[in-house]
Amino acid sequence: MIRLLKVSGESLSPKYQEGDFVVVSKIPFLFDAIKPGDTVVFKQPGYGTMIKQVDRVEPEKDAIYVIGTRPDSVDSRNFGAVGERNVLG
């Protein structure tokens with residue numbers, strides 16, 4: 001499945017800016033595991049749909065730690081790991 005989402009906020013600026021559109025697909029993850037440096041879109045309870053960069057992955061714990069590019073970004077430093085089942089693409 002492919003989705004088109006509009007970026008709101010500056011968490012991953014300058015790579016993604018407020019108002020940018022991103023194409024979201026799980027297809028790449030069918031061929032290669034999520035790894036540090038990837039950009040993922042996910043649903044985080046209490047925060048909604050978010051886009052962040054993968055900082056580290058602990059597959060044995062189903063834990064993906066994400067980070068924004070700005071010091072004030074809301075990311076895994078605030079809400080902990082993201083489960084792979086929450087990743088939209």
Side-chain angles (χ1 to χ4, degrees):
M1 185 165 98
I2 296 175
R3 293 180 176 185
L4 183 65
L5 296 176
K6 187 175 183 180
V7 174
S8 64
E10 298 292 327
S11 181
L12 285 180
S13 116
K15 188 173 183 178
Y16 298 98
Q17 301 286 328
E18 173 98 26
D20 285 352
F21 286 91
V22 293
V23 175
V24 181
S25 172
K26 270 200 165 186
I27 294 171
F29 301 133
L30 297 175
F31 302 102
D32 195 14
I34 296 172
K35 59 190 175 303
D38 286 344
T39 300
V40 293
V41 174
F42 58 95
K43 291 226 182 236
Q44 184 63 25
Y47 293 92
T49 303
M50 304 182 86
I51 182 171
K52 302 290 177 189
Q53 186 173 3
V54 176
D55 186 47
R56 75 179 195 274
V57 178
E58 296 177 2
E60 66 283 349
K61 297 178 180 178
D62 184 34
I64 301 167
Y65 293 88
V66 295
I67 194 163
T69 57
R70 301 173 63 90
D72 59 344
S73 293
V74 175
D75 50 34
S76 287
R77 294 172 290 190
N78 304 96
F79 51 72
V82 174
E84 190 169 347
R85 68 193 170 283
N86 292 344
V87 174
L88 302 176

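Just so it is clear, the structure is predicted and the values come from calculations on it, not from any experiment.
- Closest approach of Pro28 and Ser25 over heavy atoms only: CD-O, 3.5 Å.
- Taking each heavy atom of Ser13 and Arg70 in turn, the nearest pair found is OG-NH1, 3.7 Å.
- Of the inter-residue distances, the one linking Leu12 atom CG with Met50 atom CE reads 9.5 Å to the nearest 0.5 angstrom.
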Indicate every side-chain donor-acceptor pair of residues 81-89 with a distance under 3.5 Å to a residue at least two apart or in another chain.
| from | atom 1 | to | atom 2 | distance (Å) |
| --- | --- | --- | --- | --- |
| Arg85 | NH1 | Asp62 | OD2 | 2.9 |

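- Between the side chain of Lys52 and the backbone N or O of Val74, at least one donor-acceptor pair lies under 3.5 Å.
- Here the shortest heavy-atom pairing between Lys15 and Thr39 reads NZ-OG1, 3.7 Å.
- Distance OG/Ser8 to CD/Gln17: 13.0 Å, rounded to 0.5 Å.
- Within the 4.5 Å cutoff, side-chain heavy atoms of Arg77 are placed close to those of Ile67.
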Quiz prompt | From CA spacing to verdict: side chain to side chain contact (heavy atoms under 4.5 Å, CB included), Phe79, Val66 | solution = CA-CA 10 Å; Phe79 51 72; Val66 295; 4.1 Å; yes
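- Contact check for Phe42 versus Ile64: no side-chain heavy atoms found under the 4.5 Å cut-off.
- Side chain of Ser73 to main chain of Asp75: no donor-acceptor pair is present (N/O by atom type, distance under 3.5 Å, no hydrogens or angles).
- Rounding to the nearest 0.5 Å places CZ of Phe21 at 6.0 Å from CG of Leu4.
- Taking OG1 from Thr49 and CZ from Arg3, the interatomic distance works out to 7.0 Å, rounded to the nearest 0.5 Å.
- The line from CD1 of Ile51 to CG of Leu5 is 8.0 Å long, rounded to the nearest 0.5 Å.
- Both Tyr47 and Val54 are members of a single hydrophobic cluster when ILVMFWY side chains are connected at heavy-atom separations under 4.5 Å.
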